[in-house]
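Each chain gets a letter, A, B and so on, in the order the sequences are listed, and its residues count up from 1. On a predicted model such as this, the values are computed, not experimentally measured, just so you know.
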2 protein chains.
Amino acid sequence: MTDTLTPMHTRTRRYHHGDLRAALLTRAEDTLREKGPAALSLRELARDLGVSHAAPSRHFKDKQALLDALALTGFERLTAVLGASRDGVGETFAERLDAMVRAYVGFARENAELLDLMYSIKHDPEASDALREAEQRWSDLVVRLIGEGQAQGQVREGPMERVGLPVFATLHGYADLAVAGMLPPEADEHGLDDVIAFILRGSAPA
Amino acid sequence: MTDTLTPMHTRTRRYHHGDLRAALLTRAEDTLREKGPAALSLRELARDLGVSHAAPSRHFKDKQALLDALALTGFERLTAVLGASRDGVGETFAERLDAMVRAYVGFARENAELLDLMYSIKHDPEASDALREAEQRWSDLVVRLIGEGQAQGQVREGPMERVGLPVFATLHGYADLAVAGMLPPEADEHGLDDVIAFILRGSAPA
DNA sequence: ACAGCATTGTTGGCACCGCCTACATTGACG
DNA sequence: CGTCAATGTAGGCGGTGCCAACAATGCTGT
């Protein structure tokens with residue numbers, strides 16, 4: 001009954017969006033980046049996409065579900081970035097660590113709010129399985145890096161949890177400081193180099 | 001002044017609360033700890049304290065102001081705890097570092113949500129001066145520790161920003177992981193020891 | 001002592017939010 | 001071509017933060 005006259009392509013406002021789910025996710029990430037997590041509202045998202053305020057609920061059962069999905073894409077991209085950091089660099093622990101730290105901090109700087117979201121969600125005891133797996137996959141990359149270092153005699157012996165944990169903590173901590181804008185200006189110059197050298201000394205064989 | 005007559009404990013519902021501001025802060029911290037940051041609402045706080053929903057606005061111009069004040073008390077307590085960690089331990093860098101790391105992680109575990117709040121706020125570019133000062137005071141403690149270590153020849157030479165930053169990053173990162181519940185169960189056993197040893201190796205003289 | 005006034009609380013209203021239920025439109029499949 | 005699941009819409013509910021107008025209180029100066 002709507003119309004045989006008004007053409008679809010003008011101001012395309014078809015009843016079905018086509019891929020609202022994906023559109024919600026990308027728009028949400030933009031908003032998150034530009035206006036922060038507090039400004040993320042399902043209703044505003046719906047308005048932005050020209051859809052009714054209840055439409056998002058067809059794709060995400062509640063707001064948390066959307067945030068979870070957003071974090072999931074974040075973990076996937078982070079894993080991809082870290083995995084790629086191994087390409088084109090040497091095989092020594094030092095080189096691979098260097099590449100991975102830079103990749104991680106780079107991701108953190110470019111996706112500060114998203115990374116924040118990713119960490120605040122995994123905090124939640126009842127995160128989805130997919131989320132836990134994604135998180136697992138990326139921490140496996142660190143574990144693998146350390147394992148290789150140990151095999152090559154460039155990293156001290158010991159169980160992974162004990163050797164890897166301080167490395168992980170340092171990496172995470174530095175990225176978090178960078179994201180929070182807490183690094184002194186001078187840090188831009190040598191900060192990364194210093195942290196990488198610090199990790200190497202800390203994890204060097206006894 | 002308070003009362004020689006009206007006992008506190010009798011459901012007194014006087015028009016003026018007496019010290020609503022302090023009551024709001026303590027109640028807010030309890031709620032934060034027990035039900036998480038999302039459950040913090042000015043209106044519910046007011047209900048809990050038996051005052052009208054607009055009463056809090058007389059003491060905090062908006063919700064963020066209350067959160068800022070909460071974070072401020074957090075920084076003050078953290079500084080006190082870290083300062084006290086120096087008492088009763090030896091004067092070597094290793095001992096003092098050990099004490100401070102344990103104090104910091106202990107505070108983080110006991111005040112996880114509050115610490116989260118503290119960090120998410122300093123993130124904000126327009127935090128109050130008092131907040132910035134409080135944050136400064138506590139990071140000064142770390143700087144002081146490292147300076148002493150250098151003076152005693154137990155920490156490598158170099159400008160404070162370059163030597164201290166990796167230490168700070170590791171400390172912060174480990175505490176953050178602990179707070180987020182991301183540490184593997186095995187970490188409870190040796191995690192702290194490992195991190196402290198890691199920091200000592202990383203910052204030892206060349 | 002007390003009048004005046006700043007402080008502190010109260011009431012009510014606004015716009016927004018997330019979530020729910022009932023209904024409408026669409027497209028895919030038998 | 002009819003049926004039906006998937007998708008989007010309309011409206012309502014209780015909750016939130018914030019604001020403006022009003023009321024009770026207690027401090028302060030005369």
Residue-level proximity of residues 60-71 of chain B to DNA chain D when a heavy atom falls under 4.0 Å:
B/D62, B/K63
Test for a donor-acceptor pair under 3.5 Å between the base of D/dG15 and the side chain of B/R43, counting only N and O atoms.
no
Applying ring-ring contact (aromatic ring centres under 6.0 Å, His included) as the test, list every pair that has at least one member in residues 162-200 of chain A; sequence neighbours left out.
A/Y119-A/H172, A/W138-A/F168, A/F198-B/F198
Quickly work out the [X] [atom1] to [N] [atom2] distance and round it to whole Å.
| X | N | atom1 | atom2 | answer |
| --- | --- | --- | --- | --- |
| B/R21 | C/dT7 | CZ | P | 15 Å |
| A/D19 | D/dA6 | CG | P | 16 Å |
| A/K35 | C/dC16 | NZ | P | 13 Å |
| A/L20 | C/dT26 | CG | C1' | 15 Å |
| B/L49 | C/dG9 | CG | P | 10 Å |
| A/R58 | D/dA5 | CZ | P | 13 Å |

Do B/E135 and B/L131 have side chains that approach each other closer than 4.5 Å (heavy atoms only, starting at C-beta)?
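In short, these two side chains do not touch, never coming nearer than 4.5 Å.
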Return the OG to CG distance between A/S85 and A/L97, rounded to the nearest 0.5 Å.
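That separation rounds to 9.5 Å.
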Can you establish whether the number of heavy atoms outside A/D188 located under 6.0 Å from its atom CG is more than 12?
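More than 12 within 6.0 Å, yes.
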For D/dG15 and B/S41 - does any side-chain N or O of the residue sit under 4.0 Å from the phosphate oxygens OP1/OP2?
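No, outside the criterion.
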List for me each residue that meets side chain to side chain donor-acceptor pair (under 3.5 Å) alongside B/Q136, sequence neighbours excluded, and say none if there are none.
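For B/Q136 the side chain to side chain donor-acceptor pair (under 3.5 Å) partners, ignoring immediate neighbours, are B/D140.
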So B/R47, base contact, sugar-phosphate only, or nothing? Heavy-atom distance under 4.0 Å.
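Since only primed, P, OP1 and OP2 atoms lie under 4.0 Å of B/R47, the category is sugar-phosphate.
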Could you check whether B/H59 gets within reach of a base, just the sugar-phosphate, or nothing at all, counting any heavy atom under 4.0 Å?
sugar-phosphate
Would you mind telling me which of C/dT10, D/dC18, D/dT9 lies closest to the side-chain atoms of B/L42?
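Among C/dT10, D/dC18, D/dT9, the one nearest the side chain of B/L42 is D/dC18.
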Counting only side-chain heavy atoms from C-beta out, which of C/dT11, D/dA10, C/dG9 sits nearest to B/H53?
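Nearest nucleotide to the side chain: C/dT11.
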Hey, mind stepping through A/E91 and A/E148 against side-chain contact (heavy atoms from CB on, under 4.5 Å) and telling me if it holds?
CA-CA 9 Å; A/E91 294 184 0; A/E148 289 170 347; over 6 Å; no
For B/T79 and B/A134 the tightest heavy-atom approach is OG1-O, 4.1 Å
